[in-house]
Amino acid sequence: MRILKVFTCGNVDDGKSTLLGRLLLDSDSISVDILHQLTEQGGGVPNLALLTDGLRAERSMGITIDVAYKFFTTKHTKYILVDTPGHQEYTRNMYAGASACEVALVLIDALKPIEAQTRKHLEIMETLGITHLIVAVNKMDAVGFEQAVFLERQSEVKAVLNPQENQHLHWIPISALAGENVVKSTQAMTWYTGPSVIECLESITPPTDMLNAMPLLEIQGIYGGTAYGKLLQGTIDIKKTWHRGTQTLEIKECYVNGIPTAVAAPGDQVTLQVSDINVVERGQQWGVEAPLQCTECTVELCWMGAAMEPGTMEFILRRGTAERLARIDLPKRINPNDIQHINMSLSAPIDVLIERIVAKKERIILIDAQTNATVAAGIIKSIA
Amino acid sequence: MDHLQYLETEAIEILRETAFQFERPVLLFSGGKDSICMVHLARLAFAPNPIPFTLLHIDTGHNFTETLTFRDELVHTMGLSIEVRSVAEAMRKREIAEPKAKFPSRNAMQSFALLDAIHELNIDACIGGGRRDEDKARAKERIFSFRDQEGTWNPLSQRPEPWNMLNGRINPGENVRVFPLSNWTELDVWNYIQREQIALPSLYFAHERLCLELPDGALMAYNPYVRLESTDALVECSVRFRTIGDMTCTAAIPSRASSVEEVIAELNQSQISERGATRLDDRISEAGMEDRKRQGYF
């Protein structure tokens with residue numbers, strides 16, 4: 001069984017939580033005791049939104065504030081469903097929830113022309129490099145299942161979407177409330193012959209990991225004279241020599257998930273006995289070709305902390321397992337949920353690959369050194 | 001990568017981040033299947049070196065004998081170190097009276113013993129077996145879940161974890177709860193147990209047991225702490241436990257599943273959630289878990 005990570009997004013009240021509830025309900029993934037509770041709360045019909053709105057504050061305000069994680073399985077796939085908030089003030093939670101996902105399930109309200117917040121979410125997906133988009137026009141029941149409305153919303157979304165490389169767009173008219181085209185195919189929209197949301201999800205193959213790329217290893221730490229790390233791309237071949245700057249390293253033994261092996265694949269957690277443990281440190285990247293050293297970069301940031309006035313300031317930057325001090329020149333005020341390009345200089349170089357910058361895989365967070373809060377997340381766009 | 005391999009790799013990465021970001025992490029061990037899986041994952045994460053975590057058992061004093069026997073054997077055969085802290089002791093210190101209910105559960109009081117242990121042992125990270133599929137408040141919780149000096153969880157100001165980048169930086173006196181099994185479901189855990197052939201306490205498999213049948217049909221193992229009434233009927237039946245907690249608040253389920261394979265088949269048929277089926281104390285209220293977590297619970 002494979003794993004597929006999917007998030008829902010769209011403006012507030014477009015029915016994201018209801019859609020997730022519907023997916024779970026119609027795929028028989030809700031236990032009878034939970035369903036009984038939802039039905040009581042909904043006064044006879046299950047209140048699907050309450051399935052994911054798990055916090056007191058969310059239930060009392062009737063909105064999603066933070067990300068919820070739900071799971072369901074089909075025969076071939078375990079789905080990790082990430083329900084993200086629609087409100088403008090919680091955009092940062094949407095960004096964080098979406099970041100690790102492969103597929104976006106974008107909800108559009110059939111009743112209203114698309115709004116600023118939906119445009120913002122589409123922009124974030126572009127920033128994050130999410131290329132599989134299912135655009136579901138919801139509440140079709142409320143517009144008499146009219147094809148004209150569906151086409152109108154479709155053209156509005158197309159008008160604001162920037163074409164991306166390898167972009168896969170799927171358009172589906174649905175009613176999350178009535179269960180039309182979510183799991184079960186539609187009865188009410190005979191003009192639509194495409195797949196339901198679940199059929200569409202089942203057909204999606206996410207981008208494959210970078211098996212043929214230049215092998216690159218990130219060090220998590222040293223313990224007991226052994227190096228622990230993650231293979232970011234490529235494969236491990238014990239015969240190869242690894243490089244970083246002018247240093248070289250030989251791998252004597254390799255374990256994946258505790259088992260000795262001669263091969264490892266991208267994403268694997270590896271344990272390595274190496275030729276010289278003294279040159280290895282947490283935060284380094286070693287490649288079959290040496291990575292570049294970067295001390296100046298431009299990052300497209302999503303601001304998650306409190307508003308900051310323009311000026312020069314310092315944060316702790318995390319990139320993978322590497323930590324540096326980052327000095328930032330903020331040209332103008334930055335507010336929570338803003339997305340901005342920011343230049344920063346680092347206290348010491350980090351190892352980077354140009355191909356990973358192009359692939360939007362050089363990701364960072366910024367941490368406030370006093371409060372230790374994570375105040376921003378972003379993607380390195382270029383290095384000096 | 002298939003789903004179990006993905007979940008295993010994710011859990012191992014989280015366990016390693018815990019080892020490398022904290023000074024004095026502990027692995028919370030209850031003797032239940034989730035914590036047993038975590039010990040297994042910790043072994044894989046650091047092999048060929050030993051597990052760099054001490055186990056911490058918050059002992060309610062109401063454990064099943066089978067759980068304690070299993071715990072002691074596991075610690076012995078794997079050469080682990082363990083600290084055991086008593087809930088009864090933490091209650092005495094605070095002059096909290098023993099619960100008077102028919103099923104006198106000390107479950108909610110575990111937070112006191114845990115907070116005391118964190119303070120006493122200067123713990124900066126507690127690795128727990130909580131899963132997001134267990135409860136809707138847990139479904140909202142981060143993998144590295146920050147706790148302030150009072151041990152409080154504030155669900156509305158959690159640290160974002162984009163791309164699973166885990167920020168474990170804390171100031172003295174604060175701690176982080178770590179949940180490597182966040183994205184696992186009950187069935188994932190069992191499929192993993194099957195794949196890895198992980199040994200479990202016998203309680204998880206069908207056995208004959210003297211039980212008290214409650215009006216709603218729940219079966220409570222007969223135990224010395226329950227306050228029997230004259231109308232109570234004890235029945236001997238074939239049961240197993242879906243979760244292992246206190247004898248006083250964990251219900252058994254009627255079952256004939258005597259192997260891991262049979263348990264998986266049974267769960268595939270089951271219409272009831274894990275907590276709904278077995279935890280008396282979790283039925284209390286919708287926000288029960290959120291409130292308890294705010295006060296320092298696991």
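From a predicted model like this one, the values you see are computed outputs, not experimental measurements. Letters go in sequence order (proteins before strands), and every chain restarts at 1.
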*Can you tell me how far NZ of B:Lys136 sits from CG of A:Leu55, rounded to the nearest 0.5 angstrom?*
9.5 Å
*Under a 4.5 Å heavy-atom cutoff, which of B:Asn167, B:Leu156, B:Asp2, B:Asp133 has the most pairs with chain A?*
B:Asn167
_For the residue pair B:Arg169 / A:Thr374, report whether a side-chain donor-acceptor contact shorter than 3.5 Å exists._
no
*Using non-hydrogen atoms and a 4.5 Å limit, figure out which bit of B:Ser182 sits close to chain A: side chain, backbone, both or neither.*
backbone
*Below 4.5 Å from any heavy atom of chain A, which atoms of B:Glu17 appear? Answer side chain, backbone, both or neither.*
both
*Do B:Arg132's NZ or CZ and the ring of A:Tyr69 fall within the cation-pi criteria of under 6.0 Å and 45°?*
yes
*Spacing of CZ belonging to B:Arg16 relative to NZ belonging to A:Lys230, to within rounding of 0.5 Å*: 10.5 Å
*Contact part of A:Ser29 toward chain B, heavy-atom cut-off under 4.5 Å: side chain, backbone, both or neither?*
neither
_Need one label for B:Phe146: side chain, backbone, both or neither, based on atoms under 4.5 Å from any heavy atom in chain A._
neither
_I need the single residue from A:Leu35, A:Asp33, A:Val32 that forms a side chain to side chain contact (heavy atoms under 4.5 Å, CB included) with B:Gln271. Which is it?_
A:Val32
*Tell me, out of B:Ala45, B:Pro52, B:Ala19, who's got the most heavy-atom pairs with chain A below 4.5 Å.*
B:Pro52
*With a 4.5 angstrom heavy-atom cut-off, could you sort out which part of B:Ala137 is near chain A: side chain, backbone, both or neither?*
both
*Output yes when B:Glu290 and A:Arg56 qualify as a salt bridge under the 4.0 Å nitrogen-oxygen rule, no when they do not.*
no
_Rounded distance (nearest 0.5 Å) linking atom CE of B:Met165 with atom CD1 of A:Ile365_ = 5.5 Å
*Are any of the side-chain nitrogens in B:Lys140 or A:Asp83 under 4.0 Å away from the carboxylate oxygens of its partner?*
no
*Identify which of B:Glu141, B:Glu161, B:Arg142, B:Gln158 forms the greatest number of heavy-atom pairs closer than 4.5 Å to chain A.*
B:Arg142
*Flag the one option from B:Leu41, B:Leu7, B:Asn164, B:Leu4 with the top tally of heavy-atom pairs under 4.5 Å to chain A.*
B:Leu7
*Do any of residues 184-191 of chain B have a heavy atom less than 4.5 Å from a heavy atom of chain A, and if so, which, in residue order?*
B:Trp184, B:Thr185, B:Asp188
_A:Ser99 side chain to B:Pro162 backbone, donor-acceptor under 3.5 Å_ = no
*Let me know if A:Met1 has heavy atoms under 4.5 Å from chain B in its side chain, its backbone, both or neither.*
both
*Any idea which of B:Ser270, B:Ala139, B:Pro155, B:Ala47 has the most non-hydrogen atom pairs under 4.5 angstrom with chain A?*
B:Ala139
*Looking at the rings of A:Tyr223 and B:Phe20, which for Trp means the six-membered one, are their centres under 6.0 Å apart?*
no
_Part of A:Arg282 lying under 4.5 Å from any heavy atom of chain B_ = side chain
